[in-house]
Amino acid sequence: MVRFKHRYLLCEVVSDDPRCRLSLDDRVLGGLVRDTVARLHGTFGAAACSIGFAVRYLNAYTGIVLLRCRKEFYQLVWSALPFITHLESKGHRYPCFLNTLHVGGTIRTCQKFLIQYNRRQLLILLQNCTDEGEREAIQKSVTRSCLLEEEPGEEELSDEWMSLRVPDTSGRFVTSASTCPFISGWNAPIPPEFLTLDF
Amino acid sequence: MPAPAATYERIVYKNPSEHHYMKVCLEFQEHGVGLNVAQFKQLLISALKDLFGEVDAALPLDILTYEEETLSAILRICSSGLVRLWSSLTLLGSYKGKKCAFRVIQVSPFLLALSGNSRELVLD
């Protein structure tokens with residue numbers, strides 16, 4: 001039927017510097033992607049990609065970004081992502097790169113992929129972690145994620161996390177670093193709410 | 001006796017030529033502007049980069065002949081980049097602040113076709 005079709009690019013911001021992910025901002029990142037597309041594909045590319053372009057989801061802890069673009073021009077955006085080398089915010093430049101994890105036609109397929117990906121990442125973290133306290137915390141998260149899989153009715157978000165998820169003016173949820181306490185990289189227990197990703 | 005089943009083999013030989021050749025001429029609004037061949041190529045690449053970015057500025061573009069007096073040239077471009085080159089030449093408006101325009105005289109996938117132009121044919 002007649003509707004605008006989009007492609008959703010699920011990307012991960014990878015950086016050596018732990019402060020890079022925390023200073024992620026959806027507007028800064030959107031501007032950065034647009035500038036890179038303009039540099040790489042010229043006036044034509046900038047105009048073609050910016051019509052349906054939006055940053056739909058951003059997670060400052062894990063560095064996961066969900067970008068939306070029109071289906072006809074998603075390859076222009078996708079090909080521009082490897083050329084992003086620095087993230088600039090508040091006068092600091094952090095070297096980073098965007099790793100594309102999944103391309104989906106809807107937000108729901110990307111969400112399903114992200115839940116499976118997060119579960120796999122938890123298991124990898126469990127193997128790699130060194131501290132006993134962290135190991136217990138991660139094991140608790142893993143068991144909780146397995147429990148959630150069996151009982152899908154119990155997806156209640158705790159009040160603390162609800163208050164931290166700020167609905168933006170356009171209605172989407174952005175977990176930005178300014179509202180969340182500092183957590184160093186991946187070594188913290190991931191609350192199971194991120195495994196279910198309610199929007 | 002039933003006729004034997006007809007077996008046939010169809011061979012389709014498409015010969016899309018890899019390159020397209022364009023004969024273009026650059027016209028300035030004012031007279032007396034000269035460009036050497038390097039500046040001409042720089043102008044073409046900057047036109048491509050402006051409209052289509054770094055990716056298309058790296059298209060394999062060659063200037064086969066260039067005449068400095070008439071500012072006309074024969075260009076060779078790979079076939080996938082023909083539309084982009086032509087549209088970026090169309091949208092090029094100025095060189096170093098001076099207004100100019102590209103006139104595309106002939107386009108052909110065969111270089112031999114550019115040697116004779118029926119528009120310039122003079123009948124005795």
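Basis for what follows: all heavy atoms, side chains included, without hydrogens, waters or symmetry-related copies.
Within residues 48-57 of chain B, the residues having any heavy atom under 4.5 Å from a heavy atom of chain A are, by residue number, B/Lys49, B/Asp50, B/Leu51, B/Phe52, B/Gly53, B/Glu54, B/Val55. Residues of residues 30-42 of chain A placed with any heavy atom under 4.5 Å of a heavy atom in chain B are listed by number as A/Arg39, A/Leu40, A/His41, A/Gly42. Against chain A, no residue from residues 82-115 of chain B qualifies, as none has a non-hydrogen atom under 4.5 angstrom away.
The neighbour count for B/Glu68 CD, taken as heavy atoms of other residues, nucleotides or ligands under 6.0 Å away, is above 12. Within a 6.0 Å radius of CG in B/Asn36, more than 12 heavy atoms belonging to other residues, nucleotides or ligands are found.
In the hydrophobic clustering of this structure, A/Leu76 does not group with A/Tyr74; members are Ile, Leu, Val, Met, Phe, Trp, Tyr whose side-chain heavy atoms approach within less than 4.5 Å, directly or through other members. Both B/Leu26 and B/Val33 are members of a single hydrophobic cluster when ILVMFWY side chains are connected at heavy-atom separations under 4.5 Å. Hydrophobic cluster membership differs between A/Leu29 and A/Tyr94, with clusters built from Ile, Leu, Val, Met, Phe, Trp and Tyr side chains linked at under 4.5 angstrom. Residues A/Val103 and A/Val13 fall within the same hydrophobic cluster, defined by Ile, Leu, Val, Met, Phe, Trp and Tyr side chains chained together at heavy-atom separations under 4.5 Å. In terms of hydrophobic clustering, with Ile, Leu, Val, Met, Phe, Trp and Tyr side chains grouped at heavy-atom distances under 4.5 Å, B/Leu61 and B/Leu64 are assigned to different clusters.
Here A/Arg108 pairs with nothing under the salt bridge (Lys or Arg N to Asp or Glu O under 4.0 Å) rule; sequence neighbours left out.
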